[in-house]
Trainee: 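Before anything else, here's the structure in question.
Numbered from 1 within each chain, the chains take letters A, B, ... in sequence-line order.
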2 protein chains.
Amino acid sequence: MDFPPKSVTSTEVLGTQSRNCSVCSQHQLCLPTDLNECDTQRLDKIIGWRKIPRDGFLYRAGDPFTSLYAVRLGHFKSYQENLAGDRQITGFQMTGEMLGLDAINSAQHQCDVIALDDSEVCIIPFKTLEALIAQMPPLLHHFHRIMSQEITSEQKIINILGNMRAEQRFAAFLLNLSSHYAKRGYSPTQFQLRMSREDIGNYLGLTIESISRLISKMRNEGLIRVQQRNVEILDLPRLKKLAADIDTLNIKPF
Amino acid sequence: MDFPPKSVTSTEVLGTQSRNCSVCSQHQLCLPTDLNECDTQRLDKIIGWRKIPRDGFLYRAGDPFTSLYAVRLGHFKSYQENLAGDRQITGFQMTGEMLGLDAINSAQHQCDVIALDDSEVCIIPFKTLEALIAQMPPLLHHFHRIMSQEITSEQKIINILGNMRAEQRFAAFLLNLSSHYAKRGYSPTQFQLRMSREDIGNYLGLTIESISRLISKMRNEGLIRVQQRNVEILDLPRLKKLAADIDTLNIKPF
DNA sequence: CGTTAGTTTGAAAGAATTCAATGTTGGTGG
DNA sequence: CCACCAACATTGAATTCTTTCAAACTAACG
C-alpha cells in the first residue's frame with residue numbers, strides 16, 4: 001500500500017520523505033484518517049514543497065498570506081515583535097504541525113517564522129484548500145480540529161505564563177517537548193533542544209540567566225541531565241509533580 | 001430592509017435584540033457581509049438562543065461540545081483550572097464574540113465560561129454549521145477568519161504575559177477594552193469594567209493588590225480616572241506609549 | 001446599622017532580573 | 001595543529017519588581 005502513485009517518478013520519492021501525502025510519514029498527524037485514497041490524491045495535487053535552511057525565514061510578519069505550511073521535517077520558532085522591538089516567541093513547531101493559521105483573518109502573516117534546523121515544509125495554497133475542503137466533509141472537519149488545536153495549545157502557554165513560577169514554567173516546557181516527541185515515536189526522556197537558552201527564556205517570559213540557573217538547580221536535584229542541548233529527563237514523575245504545582249516540600253504534618 | 005421575516009411573530013422580535021441574524025445588531029461583527037438574504041435565513045433557522053444570568057455558567061470544562069456560542073448581549077469570562085486548583089482566565093468575551101472554538105478538537109469544552117452580566121448568546125449547533133458551511137463559501141471563509149482571529153487575540157495575551165511589566169500589562173488591558181468598545185460604537189475613553197480587580201489580576205498574571213496599586217499610580221499621574229468599576233482614560237496617547245514600552249522617562253541626553 | 005465582599009494601602013519578604021565576570025564550545029585562519 | 005575569536009552558557013552579587021501578609025477602608029445590601 002505504500003508504493004508511489006504512477007504520476008510520480010521514482011527519483012521524486014527517493015529520500016527519507018515522500019512529497020505525497022499518501023506515503024508521508026506525517027500522515028496520521030497531518031491528515032484525517034478517514035480520507036479515502038482518491039481524496040488524498042486530490043489533496044496531493046495542490047500541495048507544494050519547500051526547503052528552509054537553518055536560520056532561514058519561512059515567512060515574515062506582514063507578508064501577504066497565500067498558503068499554510070505543514071512542517072514535514074525540522075523545527076521552527078514563531079515570534080512577534082512589538083513597537084519597541086522586543087520579541088516574544090509565541091511557539092515552537094515541529095514535524096506535523098501547521099504554520100500560518102493566524103494569518104487567515106487579516107490575510108497577512110502575524111509572525112516571523114525561522115527554521116531552527118534545516119527543514120522542509122508542505123505548502124498548502126489556502127484558497128485552493130478552502131475550495132477542496134468544501135467538497136470533502138472529513139477534511140473540513142479535520143481542518144477545524146487543527147485550528148481548534150492551535151487555540152488550545154496557545155491557551156496552554158497562557159496558563160504557563162499567567163500562573164506558574166519560573167521553575168514550573170521550565171518543567172512544563174520540558175514536559176511539553178517530551179510529549180511531543182513521544183507522540184512522534186521518539187524517546188520522551190531523551191531529546192535534543194533545538195533552540196537556544198535565550199529562545200527558551202524568551203518563550204517562557206524569563207531571562208537566559210534564569211533558564212541557566214533552573215537547569216543547574218534541576219541537575220543538582222537529579223531531575224534532569226543536560227549536556228549542552230542534549231536533555232535527559234531522569235525523574236519524569238517528579239518533573240510532572242513540579243509542573244503541576246503539587247508542592248511535595250510543603251506537606252504539613254496535620 | 002430591517003423588517004422581520006414572515007415566519008416570526010411580532011412578539012418574538014420585540015425588545016432591544018432580535019433573535020434573527022438578519023436584523024441582529026451584531027450582524028456586521030458576527031456574519032460575513034457578503035452573505036445574501038437567502039443564506040442568512042438558512043443560517044437563522046439553525047441558530048438557537050439562551051439567557052445566562054450574571055455569575056451563571058455558559059458551560060464548564062469537560063462538558064461535551066455540541067455548539068458554539070456567539071455573545072449577543074453581555075460579557076463573559078473564560079478560565080481554565082489546573083490540577084492544583086489554580087485558575088487562569090484566558091479571556092473576556094463581549095458582544096459579537098464567539099465562544100467554544102477551543103472545544104472542536106477534543107469535542108469537550110476546555111474552559112469554564114461565566115457570565116459577568118446578565119447575558120444572552122446565540123447557540124450554533126456545530127455539526128449543522130459545518131454542513132451549512134460546506135455549501136456556502138463566504139460563510140466557510142468567514143468562519144475560518146473567526147477562528148484565525150481567536151488565535152491572533154490569544155497571541156496578544158501571550159505577548160502581554162511574556163514580555164511586559166505590570167504597568168504595561170494593565171495599560172495594554174485598558175487599551176484592549178478601549179478598542180473593543182470603540183469597535184462597537186461606544187466611547188473608547190469611558191467605560192465600565194465588568195470584571196473584578198481579582199479577575200483582572202488573574203488575567204494579567206498579577207495579584208489583586210498589584211492591580212490596585214497600578215490604578216492608584218496611574219490615577220496620581222493623571223492617566224486615568226477610576227471610580228469603582230467606572231474607568232475614564234484621561235490621556236490615551238500617553239497610555240499607548242506606556243503600553244508600547246516607549247520609555248519617555250529614559251531619554252538620554254546624547 | 002451592622003455585615004460582607006471587594007478594594008486599598010503599608011511594610012516585609014521573596015522571586016527574578018540586571019549587571020558583571022568567567023567558562024565553554026566550535027569554527028577559522030595562521 | 002594550535003591559538004584565537006565569537007557565540008553561547010554559567011555563576012555570583014546587587015538591585016528591582018512583585019508578591020505576601022496584615023490591616024484598614026468603602027460601598028452595597030439586608
Side-chain angles (χ1 to χ4, degrees), chain A residues 54-55 77 84 86-89 114 116-117 160-174 192-221 223-231 242 245 247 249-250, chain B residues 54-55 77 84 86-89 114 116-117 160-174 192-221 224-231 242 245 247 249-250 252:
Chain A
R54 186 183 209 272
D55 295 327
K77 67 174 170 186
D86 297 324
R87 291 171 177 186
Q88 173 66 41
I89 293 176
I114 290 183
L116 298 169
D117 282 324
I160 287 174
L161 295 175
N163 68 22
M164 289 192 186
R165 327 219 118 277
E167 199 173 3
Q168 296 182 293
R169 292 187 198 187
F170 187 61
F173 170 73
L174 290 177
Q192 221 194 26
L193 300 173
R194 310 299 167 140
M195 65 297 284
S196 66
R197 306 282 195 265
E198 184 165 13
D199 284 342
I200 300 172
N202 181 304
Y203 179 63
L204 296 176
L206 302 168
T207 60
I208 182 174
E209 292 98 328
S210 291
I211 299 300
S212 205
R213 277 184 251 271
L214 289 168
I215 290 175
S216 300
K217 181 163 184 259
M218 288 185 177
R219 180 165 32 215
N220 293 338
E221 289 171 346
L223 263 175
I224 56 175
R225 182 181 298 155
V226 180
Q227 189 73 250
Q228 271 126 250
R229 293 191 174 184
N230 298 300
V231 173
L242 183 58
D245 194 22
D247 204 356
L249 300 169
N250 281 4
Chain B
R54 188 182 207 275
D55 296 327
K77 67 174 170 186
D86 298 324
R87 292 171 176 185
Q88 173 66 41
I89 293 176
I114 290 184
L116 298 169
D117 283 324
I160 287 174
L161 295 175
N163 68 22
M164 289 190 187
R165 327 219 114 277
E167 199 173 2
Q168 296 183 293
R169 291 187 198 187
F170 186 61
F173 170 73
L174 290 177
Q192 220 194 28
L193 300 173
R194 310 298 167 141
M195 64 297 283
S196 67
R197 306 282 195 266
E198 183 164 14
D199 284 342
I200 299 173
N202 181 306
Y203 179 63
L204 296 176
L206 302 168
T207 60
I208 181 173
E209 293 97 327
S210 290
I211 299 300
S212 202
R213 277 183 251 272
L214 289 168
I215 290 175
S216 300
K217 182 162 183 259
M218 288 184 177
R219 179 165 32 214
N220 292 338
E221 290 170 345
I224 55 175
R225 182 181 299 155
V226 180
Q227 189 75 250
Q228 268 125 251
R229 293 192 174 184
N230 298 300
V231 173
L242 182 58
D245 195 20
D247 204 356
L249 300 170
N250 281 5
K252 288 177 189 134

Trainee: Could you state the atom-to-atom distance from CZ of Arg169(B) to C1' of dC17(D) in whole Å?
Mentor: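 Result: 11 Å.
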
Trainee: Between Arg229(A) (CZ) and dT10(D) (C1'), how many Å, whole number?
Mentor: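 Rounded to whole Å, this separation is 15 Å.
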
Trainee: At 4.0 Å (heavy atoms only), tell me whether Ser210(A) reaches a base, stays on the sugar-phosphate, or touches nothing.
Mentor: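 Base: the residue Ser210(A), judged by heavy atoms under 4.0 Å, touches a nucleobase.
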
Trainee: Counting the atoms with a prime plus P, OP1 and OP2 as sugar-phosphate, which does Leu206(B) contact under 4.0 Å by heavy atoms, base, sugar-phosphate, or nothing?
Mentor: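 Leu206(B): backbone/sugar contact only, no base atoms under 4.0 Å.
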
Trainee: Using side-chain heavy atoms (C-beta onward) and a distance below 4.5 Å, is Phe173(A) in contact with Ile160(A)?
Mentor: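 No; the side chains remain at least 4.5 Å from each other.
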
Trainee: Rounded to whole angstroms, how far apart are CZ on Phe170(B) and C1' on dC17(D)?
Mentor: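 Rounding to the nearest Å, CZ of Phe170(B) and C1' of dC17(D) are 18 Å apart.
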
Trainee: Measure the CE-CG distance between Met218(A) and Asn220(A) for me, rounded to the nearest 0.5 Å.
Mentor: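 With rounding to 0.5 Å, CE (Met218(A)) is 11.5 Å from CG (Asn220(A)).
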
Trainee: When rounded to the nearest 0.5 angstrom, what is the spacing between CD in Gln227(A) and CD in Gln192(A)?
Mentor: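 Going from CD on Gln227(A) over to CD on Gln192(A), the span is 12.0 Å.
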
Trainee: Table please: side-chain donor-acceptor pairs of residues 199-207 of chain A below 3.5 Å, with sequence neighbours left out.
Mentor:
unit_1	atom_1	unit_2	atom_2	d
Asp199(A)	OD1	Lys77(A)	NZ	3.1
Asp199(A)	OD2	Lys77(A)	NZ	3.2
Asn202(A)	OD1	Ile89(A)	N	2.7
Asn202(A)	ND2	Arg87(A)	O	3.0
Thr207(A)	OG1	Ser210(A)	N	3.2
Thr207(A)	OG1	Ser210(A)	OG	3.1

Trainee: Find the distance Asn163(A):CG to dT19(D):P and express it as a whole number of Å.
Mentor: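 From Asn163(A) CG to dT19(D) P: 12 Å.
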
Trainee: With a non-hydrogen cut-off below 4.0 angstrom, is Ser212(B) in contact with a base, only sugar-phosphate, or nothing?
Mentor: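 It contacts base atoms.
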
Trainee: Specify the separation, in whole Å, of atom CZ of Arg54(B) and atom P of dA28(D).
Mentor: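 In whole Å, dA28(D) P lies 12 Å from Arg54(B) CZ.
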
Trainee: Rounded to the nearest 0.5 Å, what separation is found between the CZ atom of Arg225(B) and the CG atom of Asn230(B)?
Mentor: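 Reported value, rounded in 0.5 Å steps: 11.5 Å.
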
Trainee: Using a cut-off of 4.0 Å on non-hydrogen atoms, how would the nucleic acid contact of Gly205(B) be classed: base, sugar-phosphate, or nothing?
Mentor: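 The answer is sugar-phosphate, as Gly205(B) gets under 4.0 Å only of primed atoms, P, OP1 or OP2.
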
Trainee: Which nucleotide of DNA chain C is the first, and which the last, in the 5' to 3' direction, to come under 4.0 Å of a heavy atom belonging to chain A?
Mentor: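 Nucleotide range in contact with chain A: dA15(C) to dG26(C).
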
Trainee: In whole Å, I'd like the distance from the CD atom of Gln227(A) to the C1' atom of dA9(D).
Mentor: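 Going from Gln227(A) (CD) to dA9(D) (C1'), I get 12 Å.
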
Trainee: Let me have a per-nucleotide readout for nucleotides 21-26 of chain D, 5' to 3', with B, S or -, counting only protein heavy atoms under 4.0 Å.
Mentor: B-----

Trainee: Expressed in angstrom and rounded to an integer, what is the separation of Glu198(B) atom CD from dT19(D) atom P?
Mentor: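 So the CD-P distance, Glu198(B) to dT19(D), works out to 13 Å.
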
